[in-house]
Amino acid sequence: MKKTILFLCMAFVLSTSYGQLLKKDSGEGKEKKKKFNLMEKIGDVTGNLMTGKTETLEGVVVKANYINGLYSTDIETTEAKYFPPGAREGDYVVFISFFKNEGVGMYELVDGEVLADGEPMEYYGLGSYGRFYNYPPAGPIKIDITAKNGDKAHYTFQPIPDVEILSVNGETALPILDLSEDITLEYYNPPGSEGTTIKVSMLTKVMGVRAFNHFADFKVTKPGKVKVTIPKEALANPEIAGDLNMGNFDKGDNYLILEREVKKVKEDFGTDQSPGKVIATELYTRNYASFPVIVKGKQDEGVMTVLRVRAETPDKTLGYAFYKPNATYGIPLSKASKFGLVSFTMEASTYKREVETDSKSWTVGNTKYTQTTTTTTTYEFPQLSDETWNTALDQIYQEVVAFFKSEYNVEFVPVAAVTGTPQYNDLFAAADKNNAKRVMKSYNGTKRSTPGTIGEILGSTSSNITTDNPRVNMMKAAGDIDGLLSMHINLMVGGNKDGNVVLYPSFTISISGRDETRDDREGKYFDGQITRKTGEPFNESKLKSDPNELARVCSMPVILDALKAGITTMRAKEIEMGYDKIWNISEE
């Protein structure tokens with residue numbers, strides 16, 4: 001729920017700044033007063049509080065949009081409340097927003113200049129500058145940015161082919177869409193559309209904010225009249241989704257929205273783009289087509305927010321949980337062919353001292369007597385060599401690699417391919433310790449991929465919501481891999497019911513990734529956690545002499561069996577729930 005609300009706030013900030021520039025730049029008569037609900041007002045105020053000032057382009061993230069074909073002004077989104085009087089379907093608008101790469105929020109350029117075709121773009125708040133065109137521009141739009149300290153950036157936008165909806169479910173006027181059925185869409189691709197992306201949306205309302213809720217996208221492969229079947233499962237996996245049906249599509253009167261989109265990041269830039277010192281850039285060109293529809297029914301499985309698998313052994317001594325987001329950002333394992341290890345760490349508490357105090361009192365005559373008994377129990381796991389611990393980590397990693405290869409035909413690049421990327425230097429150092437009370441190790445020198453302290457959390461916070469970010473760039477630099485694997489083992493010494501010293505293990509695993517066939521869209525393959533309530537007894541001399549014994553004592557054979565069962569079950573469920581269908585939507 002928290003992630004959904006944050007997403008809505010950021011989306012509202014962007015749509016509000018866009019709407020404001022439309023409203024203010026029209027120059028047409030007196031503006032009609034429009035009513036804004038409480039959530040809309042909160043979003044506006046929050047956005048302004050999050051906006052700082054900068055005199056340089058260093059540390060700035062640019063996200064710019066050129067819309068050469070506005071959607072119908074009859075569609076009552078929250079941002080449409082800002083549209084100027086006389087705004088028409090098909091109008092052109094360009095806007096650019098500056099985000100903080102470090103910290104959360106936006107930037108306003110102090111005494112800087114943002115020009116569109118040599119004319120100043122107006123600042124509309126929330127780190128955004130824009131211009132509204134009453135008539136289509138005669139050629140490409142050129143944006144020039146100059147900061148107070150002299151930093152410069154230049155971007156050029158080319159128009160893209162229009163998008164036109166021809167029919168929906170074979171009907172050319174007001175079709176009725178049942179959320180439990182597939183949608184057959186026929187639309188037109190002008191010549192030159194190949195390679196663009198089509199996104200499909202309908203309207204939703206969350207806490208008073210009415211917005212487009214994307215539920216399908218696909219690449220254009222050919223010009224002319226094209227049909228696409230959107231599986232019903234996509235309607236259960238919208239971009240905005242949360243508990244209690246948050247983000248469900250508005251019933252009754254609604255609109256089907258087709259959005260043609262072209263995205264460019266630095267690696268796509270030619271000589272017409274010059275980001276200068278801007279740390280990351282994402283340029284979008286898009287246009288819209290809208291089609292009135294009536295929405296009825298409900299999704300067979302309701303609105304999916306997360307796919308979760310939970311299980312435990314019959315004796316209740318081991319449990320596991322695996323989950324992934326809905327199919328908007330939950331990537332099916334079928335899309336993976338190559339992974340890399342980004343982090344594999346281990347932490348063991350090998351010494352534990354428990355003190356129990358028991359008191360009893362009695363009275364003899366007028367005298368009260370108290371007897372106190374203190375029992376001290378010490379649990380100590382043998383101190384082992386670094387080599388022994390490193391061998392156990394290697395055995396675990398090789399087992400995981402072999403499983404993905406045999407079951408899903410996923411290869412792993414050498415660990416050095418990931419750790420050797422320039423982006424890897426910015427991850428968090430993993431502790432290396434081995435004493436009588438605590439052991440902390442990392443596999444092959446890998447670092448931690450997630451922050452652990454308040455300082456690290458604050459230092460890693462960023463408003464870089466583009467795919468021109470360190471994680472995506474790391475995957476590209478490591479050999480164009482599809483995902484990054486993180487694992488962590490936690491071991492706690494204690495005693496079992498038989499009085500033996502054992503290690504109680506827990507194991508976490510996460511694979512995040514991207515799909516390069518969909519403009520590097522980021523997502524999650526899965527997160528998982530496995531916990532065992534019992535441990536394995538051991539013989540100290542064998543533990544020190546047999547290099548294979550430590551992995552057994554750490555319960556790794558049992559943990560790995562649970563890992564394989566959890567991933568296998570997750571894969572079966574994502575197929576059943578239509579993840580593969582959604583990620584493989586294509587033109588017919």
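Note that these values count all heavy atoms, side chains included, but never hydrogens, waters or copies made by symmetry. Because the structure is predicted, anything quoted here is derived from the model rather than measured.
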Gly195 and Lys219: which non-hydrogen atoms are nearest, and at how many Å?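 Looks like O-NZ, 3.4 Å.
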Could you go through Tyr397 and Gln395, starting from their C-alpha distance and side-chain angles, then the distance that decides it, and tell me whether this counts as side-chain hydrogen bond (donor to acceptor under 3.5 Å, both in side chains)? CA-CA 6 Å; Tyr397 175 67; Gln395 290 173 336; over 6 Å; no
What's the verdict on ring pair (Phe, Tyr, Trp, His ring centres under 6.0 Å) for Tyr288 and Tyr71, showing C-alpha distance, side-chain angles and the deciding distance? CA-CA 5 Å; Tyr288 297 86; Tyr71 60 84; 5.3 Å; yes
Give a yes or no on whether a salt bridge exists between [X] and [Y], defined as a side-chain N under 4.0 angstrom from a carboxylate O.
{"X": "Glu194", "Y": "Lys222", "result": "no"}
{"X": "Glu407", "Y": "Lys564", "result": "no"}
{"X": "Glu312", "Y": "Arg532", "result": "no"}
{"X": "Asp519", "Y": "Lys263", "result": "no"}
{"X": "Asp386", "Y": "Lys441", "result": "yes"}

Aromatic plane relationship, Tyr408 with Phe404 - under 30° parallel, 30 to 60° tilted, over 60° perpendicular: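 Ring orientation, 0 to 90° scale: tilted.
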Ile396 and side chain to side chain contact (heavy atoms under 4.5 Å, CB included): which single residue from Thr391, Ile489, Val401 fits?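 Between Ile396 and the candidates, side chain to side chain contact (heavy atoms under 4.5 Å, CB included) is satisfied uniquely by Ile489.
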For Glu522, what residues pass the salt bridge (charged side-chain N to carboxylate O under 4.0 Å, His left out) criterion, not counting sequence neighbours?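 With neighbours one apart ignored, the set is empty.
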Residues 155-163, side-chain donor-acceptor partners within the protein, below 3.5 Å, at least two apart:
residue, atom, partner, partner atom, Å
Tyr155, OH, Thr281, OG1, 2.9
Thr156, OG1, His154, NE2, 3.2
Thr156, OG1, Asp272, O, 3.0

